[in-house]
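What follows is a set of notes on a single structure, which appears directly below.
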Amino acid sequence: MIVDRLNSIELLDYYIDKNIQYSFGRPNYADPISYTIRTKSGGCDELALLGQTALNRAGYKTEARRIGSDSELHVGLVVKLDDGKYILAVNFKTSNVVTGPHNSLYEADQALGYRPSMGYRGSFNFHRWE
């Protein structure tokens, strides 16, 4: 029921900030959404997965984004707007930061924290971990 009620970027951001504490999870594994909600804790990947599920159900076009390297990664969630711009809807470190609109995925990745020296930036598929 909670996921169904998180039907806008603003509601998702509010819920994360008021209810979720940051916790570092296991490498290459995202806990299920039900676990994140029940324990009120999660890392960037768990919150990006929660956001993607909630916003996709509400009809948004989302894409999980990953920056960093295999040993140090950060995952966020962008929403593609009808005008081709992007909102960084989930950028969870110790709290959630929503930014945008961004003109490109590169700009959204930069808002997520990407720098060319990091090595990797691109789409992220949670199903690879399950």
**OP:** Can you see which heavy atom on Met118 is nearest to which on Gly113, and at what distance?
**Re:** SD-O, 3.2 Å
Subject >> Distance-only side-chain donor-acceptor flag, Gln21 / Ser41, under 3.5 Å >> reply: no
Subject >> Linked, directly or transitively: Ile2 and Leu11 (ILVMFWY side chains, under 4.5 Å) >> reply: no
**OP:** Would you confirm whether Asn19, through its side chain, and Tyr15, through its main-chain N or O, come within 3.5 Å as a donor-acceptor pair?
**Re:** yes
**OP:** Group every Ile, Leu, Val, Met, Phe, Trp and Tyr by side-chain heavy-atom contacts under 4.5 Å, then state whether Leu47 and Leu6 land in the same group.
**Re:** yes
Original post:
At what distance, to the nearest 0.5 angstrom, does CD1 of Ile20 lie from CG of Leu50?
Top reply: 6.5 Å
**OP:** With Arg65 as the cation and Phe124 as the aromatic partner, state whether NZ or CZ is under 6.0 Å from the six-membered ring centre and within 45° of the axis.
**Re:** no
Subject >> Inter-residue atom distance Ile87.CD1 - Glu10.CD, 0.5 Å rounding >> reply: 8.5 Å
Original post:
Any chance the side chains of Asp17 and Asn96 put a donor and an acceptor closer than 3.5 Å?
Top reply: no
Original post:
Between Cys44 and Phe92, which heavy-atom pair has the shortest distance, and what is it?
Top reply: CB-O, 3.3 Å
Original post:
If you group Ile, Leu, Val, Met, Phe, Trp and Tyr by side-chain heavy-atom gaps below 4.5 Å, do Val98 and Leu81 land in one group?
Top reply: yes
Original post:
Could you state the interatomic distance from OG1 (Thr53) to CG (Asn56), rounded to the nearest 0.5 Å?
Top reply: 7.0 Å
Original post:
If you look at every heavy atom in Lys93 and His74, which pair is closest and at what distance?
Top reply: CE-NE2, 3.5 Å
**OP:** Taking all non-hydrogen atoms of both residues into account, name the closest pair between Asn91 and Ala111 and its distance.
**Re:** ND2-O, 3.3 Å
Original post:
Within a strict 4.5 Å, meaning less than it, do heavy atoms of the Val3 and Arg57 side chains meet?
Top reply: yes
**OP:** Return the minimal non-hydrogen interatomic distance between Val75 and Asp45, and the atom names on each side.
**Re:** CB-CA, 4.1 Å
Original post:
With a 4.5 Å limit on heavy-atom distance, are the side chains of Tyr22 and Ser95 in contact?
Top reply: no
Original post:
Are Tyr60 and Val90 connected in the hydrophobic side-chain network, where two residues link if heavy atoms are under 4.5 Å apart?
Top reply: yes
**OP:** Specify the closest pair of heavy atoms between Ala89 and Val79, including all atoms of both residues, with the distance to one decimal.
**Re:** CB-CG2, 3.9 Å
Original post:
Hey, which of Leu112, Asp109, Leu73 is the one that makes side chain to side chain contact (heavy atoms under 4.5 Å, CB included) with Arg66?
Top reply: Leu73
Original post:
Going by heavy atoms in the side chains, are Leu55 and Leu77 under 4.5 Å from each other?
Top reply: yes
Subject >> Spatial distance of atom CZ (Arg121) from atom OH (Tyr114) [nearest 0.5 Å] >> reply: 6.0 Å
**OP:** Rounded to the nearest 0.5 Å, what's the gap from CD on Gln52 to OG1 on Thr62? Could you check?
**Re:** 4.0 Å
**OP:** Could you tell me whether the side chain of Leu88 reaches within less than 4.5 Å of the side chain of Val97, counting heavy atoms only?
**Re:** no
**OP:** Would you mind reporting whether Ile33 and Leu49 have side-chain heavy atoms less than 4.5 Å apart?
**Re:** yes
Original post:
Hey, are the side chains of Leu105 and Lys80 touching, using non-hydrogen atoms and a 4.5 Å cut-off?
Top reply: no
**OP:** For atom OH of Tyr106, decide whether the heavy atoms of other residues, nucleotides or ligands shown that lie under 6.0 angstrom number more than 12.
**Re:** yes
**OP:** Start with the C-alpha gap between Glu46 and Thr36, add the side-chain angles, then the distance that decides, and say whether side-chain hydrogen bond (donor to acceptor under 3.5 Å, both in side chains) holds.
**Re:** CA-CA 7 Å; Glu46 281 90 9; Thr36 302; 5.5 Å; no
